[in-house]
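In what follows, a single structure is set out as structure tokens and then discussed.
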Amino acid sequence: MADPLMYLLDAVAYAGIFGILSISLNLEYGYTNLANFGKAAFFMMGAYITAIMSGLKYPFIVNSLLAILITSVIGALTSLPALRLKEDFLAITMITLGEVMKLIIKNEEWLAGGVWGISGIASAITIPGLTFRERLIVQIALIYSILIVCYFICELIVKTPYGRILKTIREDEIVASTYGKNVFKYKIQVFTVGSAMSGLAGSLFAQYIGTINPYMFEPTVTFVVWMMVILGGPANNLGAILGAFMVEGIQRASRLFKDYLNLPLDPVNLQVMFTAILVITVIFYRPQGLLKEKIKPYEGSPHKIIAPKFMEVKSWIRRS
Amino acid sequence: MKILEISNLTAGYWRLPVIEDICIDVNDGTVAALLGPNGSGKSTVLKSIMGFTKIFKGSIVYDGIVITGASTTKLARMGISYVPQINNVFRSLTVKENLEVGAYTRKNDLSISEILEVFPELRTLLNNKADSLSGGERQLLAIARALVSNPKLLLLDEPTASLSPKNTAIVLSKIREIKSRGISVLIAEQNVLKTLEISDKAYVLVSGRCITSGSSEEILKNENLGRLYLGLKR
Amino acid sequence: MINWLQVLTNSIIWGCMYMLATVGLSLSYGLSRFPNFAHAEYITFGAYMAFLFLVMLNLDIYLAVGLAVSLSAFIGGLSYLLLFKPLKSRGASLVHLMVSSIGLGFLIRHFLMQTFGGGIKSFRIVWPTISIGPIVTTPLLLAILIVALVIAFMLHILLTKTKLGKAIRATADNPELAAASGIDLNKVSLFTWSLGAALAGFSGIFLAMRSSLVPLLGWKVLLQTFAITLLGGIGSFYGVLIASFILGLSENVGVVILTWLGLSADYRSAIAFIILVATLILKPEGLMAVARRRV
Amino acid sequence: MDTPILTAESLVKKFGGLIAINGVTLSIKKGEMVGLIGPNGSGKTTLFNILTGIYKPDSGKVFFNSERIDGLQPHQIYHKGLVRTFQTPRILQRMTVLDNLLISVKNPGDKFLPALFKRRSWLKFENDIRDKALEILEFLGLEKYCYTPAAELSGGQMKLLEIARALISEPSMILLDEPTAGVNPVLANDIYVKLREIKENMDITLFIVEHRIELLMGYVDKVHVMHRGKIIAEGRPDDVINDEDVIKVYLGYV
């Protein structure tokens with residue numbers, strides 16, 4: 001792109017969309033230890049539902065709600081058999097599920113345009129008379145308001161007794177079930193919420209980019225999202241978003257880097273190779289990610305103030 | 001001549017020391033027994049020798065060489081054989097293959113018939129999968145597997161646990177035979193009296209500490225052995 | 001009229017190809033206890049190396065294949081030595097191992113794309129067709145059949161008759177006891193990883209020669225390799241043998257049915273997915289599960 | 001106080017060819033503190049796993065408060081008021097000590113929608129339950145660690161945390177699997193003093209697997225001895241200690 005500002009804005013929009021994917025994976029993996037390697041599949045589903053519905057002239061709000069609904073239902077359905085599996089089996093199932101879904105989309109031209117994909121997807125907000133740059137800014141506003149909503153939902157989820165149970169499942173499933181929690185039920189719920197968020201991200205992506213095809217949803221997408229969570233810090237929602245920014249930034253930078261240095265490298269290859277090396281390095285030297293999980297009582301809970309008082313009163317009673 | 005000398009060993013897993021301040025000597029060509037009720041840390045002593053635990057302090061000297069913290073593979077190559085209490089055979093391999101893997105470190109070729117002289121019971125089972133053996137047979141195979149490498153020191157972890165009295169007698173007589181071949185044995189057992197029959201020396205462990213030790217006769221004569229053993233007297 | 005004999009022949013040949021592609025994955029999974037997603041890229045790597053030596057450098061075919069296979073083995077061994085072994089010794093979690101293996105896979109694939117370009121390549125060998133009775137085949141397919149059978153037989157000898165092979169099986173069965181028997185786990189793992197990658201590379205050459213060479217060559221059979229690994233039981237060589245032929249047969253019969261139903265033959269990979277999911281639900285330990293007895 | 005709280009009737013559990021539990025029948029009365037001892041492999045932990053629903057018995061019945069509980073899932077049994085601790089402490093490492101306790105309580109915020117939308121109701125509940133949690137932590141001497149990540153505790157403190165976690169759910173009975181394994185003797189004794197207090201003051205029935213026989217005998221009302229999957233003796237500690245059969249079992253006569 002010629003205009004560097006446009007390039008930057010585009011990167012910011014991408015980071016926002018991937019930020020949603022990243023916090024949804026963080027909810028699944030970081031808090032509940034569900035290794036979902038099928039992120040790209042749900043992302044793709046959301047995008048395609050939006051694209052198809054947009055072709056039928058439905059407004060974005062309907063499309064995105066439908067995307068959320070269908071991806072969450074499919075998420076719940078696939079999780080029924082998959083979540084009883086061990087981590088590695090779950091990973092294999094989810095990664096291959098993504099491939100099968102792509103297969104369907106590539107082959108069913110009547111439904112999803114086959115390998116050519118779908119173009120002309122209407123964007124969510126159309127205000128007549130805006131320049132391209134202004135439209136981009138409107139898009140960013142939309143994406144980031146949804147990102148912020150998702151962030152708060154995730155923060156809310158993990159900072160309730162419900163979130164505490166998710167962490168218990170992550171730490172030790174047997175303890176969770178011995179202390180009366182139906183582990184399977186919680187896993188399904190988390191998977192459903194995670195899938196819904198991925199679907200929403202896909203929906204945003206489709207309306208933002210306008211044209212989609214199956215090749216945009218290669219397993220690299222899943223990997224990039226994993227990269228964001230692992231780099232940013234599992235079990236830290238801010239970390240996940242930070243990770244999204246960093247990975248997007250690194251990818252864009254490597255493209256610029258290539259342009260300016262005139263490296264004889266294809267930008268996509270450079271990007272992927274660099275991301276792969278980075279993720280391996282992070283796993284080696286900082287497996288807990290850049291922002292560590294904060295192990296502390298929740299923010300803003302009145303108890304923080306009460307607890308020391310409680311101690312005082314107790315010791316006072318004992319003394320008297 | 002001491003083949004094994006453990007001094008002031010404190011070891012365990014992760015952050016929990018299971019055994020504390022254990023001192024054990026095994027003389028060349030003798031059988032030493034580690035006795036104690038469950039949870040007393042007998043297995044942990046053997047696992048520490050074999051390099052499977054975290055050692056907090058103390059030293060282990062084998063054949064004049066300090067082996068504290070050495071890798072399991074290296075220890076096996078130095079002539080220490082180990083029979084764990086559970087999972088002590090390769091279940092998916094046949095009896096013959098188990099023996100061949102046991103002989104992995106041997107430079108010279110193994111003649112299966114050599115070991116079958118000591119364990120004639122295994123002769124007819126050679127081509128059976130270890131998984132299909134009965135408990136007694138499997139225990140014999142486990143010991144045979146450990147012996148084919150021609151070890152200098154054999155570590156046995158509760159070889160008679162969950163065996164019938166008949167099989168227990170067979171296993172114990174094998175241990176006697178092993179000793180007669182000049183191999184030193186360190187055996188962890190709950191079965192006190194039967195073990196003392198075959199051992200030269202014994203250490204009684206309760207709750208991770210050695211509460212008494214001495215020659216087998218001394219231990220047997222101890223009137224309070226029963227109460228001592230249950231940790232009721234110190 | 002469907003020539004069922006032809007379908008059977010195709011099934012066997014596909015089974016052979018899948019067997020070569022999968023053996024390494026299954027063995028390394030059984031030994032190191034995590035699925036190596038980079039395995040698919042060993043397949044691609046072998047094919048590109050063969051392309052390099054055979055088409056670009058114009059070497060003799062046997063020499064070219066030999067070099068390509070050895071280089072695949074080298075890559076497999078290297079990835080164990082430089083990546084997975086240190087990660088395991090640092091106590092990396094299963095998820096971290098899987099993510100790194102995916103990362104390694106992308107690294108290899110995009111390295112190849114960078115070096116050779118992303119386009120479709122061809123070995124430019126035209127295979128004449130041979131008719132044996134009602135069966136039509138090519139020398140390449142016959143070669144695949146023969147090579148796979150020879151390799152399967154050699155693997156059988158390796159695993160059951162040699163000291164090293166028994167050590168591999170023993171380690172997969174019970175690593176602690178294997179170490180206590182004096183087996184050097186690192187050496188055994190290194191060998192297994194290299195061998196597995198070499199066979200994957202071999203299968204890649206065949207896959208590419210049969211159709212064409214693309215960067216996604218290996219990834220396209222990822223689904224099949226995992227279905228076979230799980231169906232056969234992780235770490236079981238004979239399981240892989242049987243499962244490969246089951247999959248080969250179901251795919252080829254499936255294609256016949258798909259065409260009959262008027263669906264795209266591309267859906268053949270979905271058959272592998274169905275087998276995979278069915279295995280995981282009905283019998284997660286696989287047909288011949290022995291290697292993985294974790295209590 | 002003579003009503004039985006937990007009854008097991010001829011339980012059998014086989015693993016392949018191995019009979020781990022071979023016809024165990026026992027009955028524990030409400031408010032008792034009962035010990036379970038026996039040599040290695042005698043089936044004590046397996047029995048616990050059956051009682052708490054981790055394993056299903058091959059035959060036999062388990063009654064808890066005259067309700068049949070064999071065949072129920074672990075989380076269902078928990079809700080009946082039967083809780084257990086683990087031999088190797090299963091603490092939740094990347095969570096605070098307080099959170100380790102709180103997960104054990106049934107909370108209105110445990111469900112997804114109430115957690116998000118009925119904040120006020122569970123926050124109120126949280127506050128009440130926290131006071132109780134702090135009380136329990138104080139009782140066990142852990143109050144100053146309440147915001148520490150549990151991974152930073154010592155082995156002994158982890159054992160205490162396990163007991164605290166069982167206590168806070170107000171169970172009617174706790175099964176303790178070697179509460180003093182890996183704990184130094186002084187702390188081990190403390191643990192038993194606390195357990196006795198729990199039994200006396202909180203009206204909780206305790207069933208304890210222990211290998212420190214000496215320690216156990218000083219505190220419990222009754223002891224069961226297991227050997228080869230069977231209960232071979234039961235009675236008051238003094239009687240059991242002097243029971244020749246028991247000593248013989250331990251020394252390996254039988």
Side-chain angles (χ1 to χ4, degrees), chain A residues 29 33-37 78 80-82 84-93 95-104 106-109 114 215 218-220 222-224 226-227 229-230 234 263-266 268-285 287, chain C residues 29 33-35 37-38 82-83 86-87 90-115 117-118 215-216 219-220 222-227 229-230 234 263-270 272-274 276-281 284 294:
Chain A
Y29 166 66
N33 202 24
L34 286 175
N36 182 357
F37 281 87
T78 43
L80 287 177
R84 295 211 186 265
L85 306 174
K86 279 186 275 168
E87 286 156 309
D88 45 348
F89 290 177
L90 178 66
I92 294 171
T93 317
I95 216 167
T96 48
L97 173 78
E99 292 301 286
V100 171
M101 287 195 174
K102 214 164 57 198
L103 200 66
I104 297 173
K106 276 184 192 168
N107 278 293
E108 302 307 317
E109 235 177 284
Y215 301 102
E218 292 294 340
T220 22
T222 305
F223 181 68
V224 162
W226 269 92
M227 170 74 210
V229 172
I230 283 179
L263 287 178
L265 284 171
D266 179 73
V268 177
N269 292 333
L270 182 70
Q271 253 176 48
V272 177
M273 284 195 278
F274 194 72
T275 318
I277 291 171
L278 191 64
V279 77
I280 290 170
T281 319
V282 170
I283 288 176
F284 252 85
Y285 297 105
Chain C
Y29 196 167
R33 305 264 150 96
F34 77 93
F37 291 103
L82 295 185
L83 184 58
L87 272 178
R90 278 161 184 262
S93 68
L94 183 57
V95 169
H96 279 165
L97 285 166
M98 292 192 290
V99 173
S100 339
S101 79
I102 297 178
L104 174 70
F106 283 128
L107 194 59
I108 297 176
R109 189 198 300 169
H110 285 271
F111 170 75
L112 292 173
M113 279 168 84
Q114 182 54 49
T115 321
L216 281 175
W219 189 264
K220 278 187 188 158
L222 180 92
L223 187 51
Q224 281 88 343
T225 53
F226 273 106
T229 305
L230 296 181
I234 293 160
L263 288 167
S264 160
D266 283 359
Y267 282 119
R268 61 185 298 163
S269 348
F273 184 70
I274 293 167
L276 180 112
V277 172
T279 313
L280 285 177
I281 294 171
R294 276 188 276 178

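Below, chain A is the first sequence line, B the second, and so on; all start at residue 1.
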With only heavy atoms counted, which part of [X] is less than 4.5 Å from chain C, the side chain, the backbone, both or neither?
X: A/I95; result: side chain
X: A/T220; result: both
X: A/Y29; result: side chain

If you define the side chain from C-beta out and look only at heavy atoms, does anything of [X] sit under 4.5 Å from [Y]?
X: C/F37; Y: A/P219; value: no
X: A/F223; Y: C/V99; value: yes
X: A/F37; Y: A/E87; value: no

With sequence neighbours left out, write down each residue that passes side chain to side chain donor-acceptor pair (under 3.5 Å) with A/E108, or none if nothing qualifies.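 With sequence neighbours excluded, A/E108 shows a side chain to side chain donor-acceptor pair (under 3.5 Å) to A/W110, C/Y267, given in chain and number order.
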[X] to [Y] - nearest heavy-atom pair and separation:
X: C/M98; Y: A/A35; value: CE-CB, 4.5 Å
X: C/G105; Y: C/A38; value: N-CB, 3.7 Å
X: C/Y29; Y: C/P35; value: CE2-N, 3.6 Å

Greatest number of heavy atom pairs closer than 4.5 Å to chain A - which of C/D266, C/T229, C/L230, C/I281: C/D266
Which residues pass the salt bridge (charged side-chain N to carboxylate O under 4.0 Å, His left out) test with A/K102, not counting sequence neighbours?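 A/K102 satisfies salt bridge (charged side-chain N to carboxylate O under 4.0 Å, His left out) with A/E99, A/E218 only.
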Proximity breakdown for [X] and chain A, heavy-atom pairs closer than 4.5 Å:
X: C/I108; value: neither
X: C/L94; value: side chain
X: C/V277; value: side chain
X: C/L276; value: side chain
X: C/L222; value: side chain
X: C/L223; value: both

Most contacts with chain C, counted as non-hydrogen pairs under 4.5 angstrom, among [options]:
options: A/L270, A/N107, A/T275, A/L85; value: A/N107
options: A/I104, A/I280, A/I92; value: A/I92
options: A/V100, A/V272, A/V279, A/I230; value: A/V272

More than 12 heavy atoms of other groups within 6.0 Å of C/F111 CZ: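 No.
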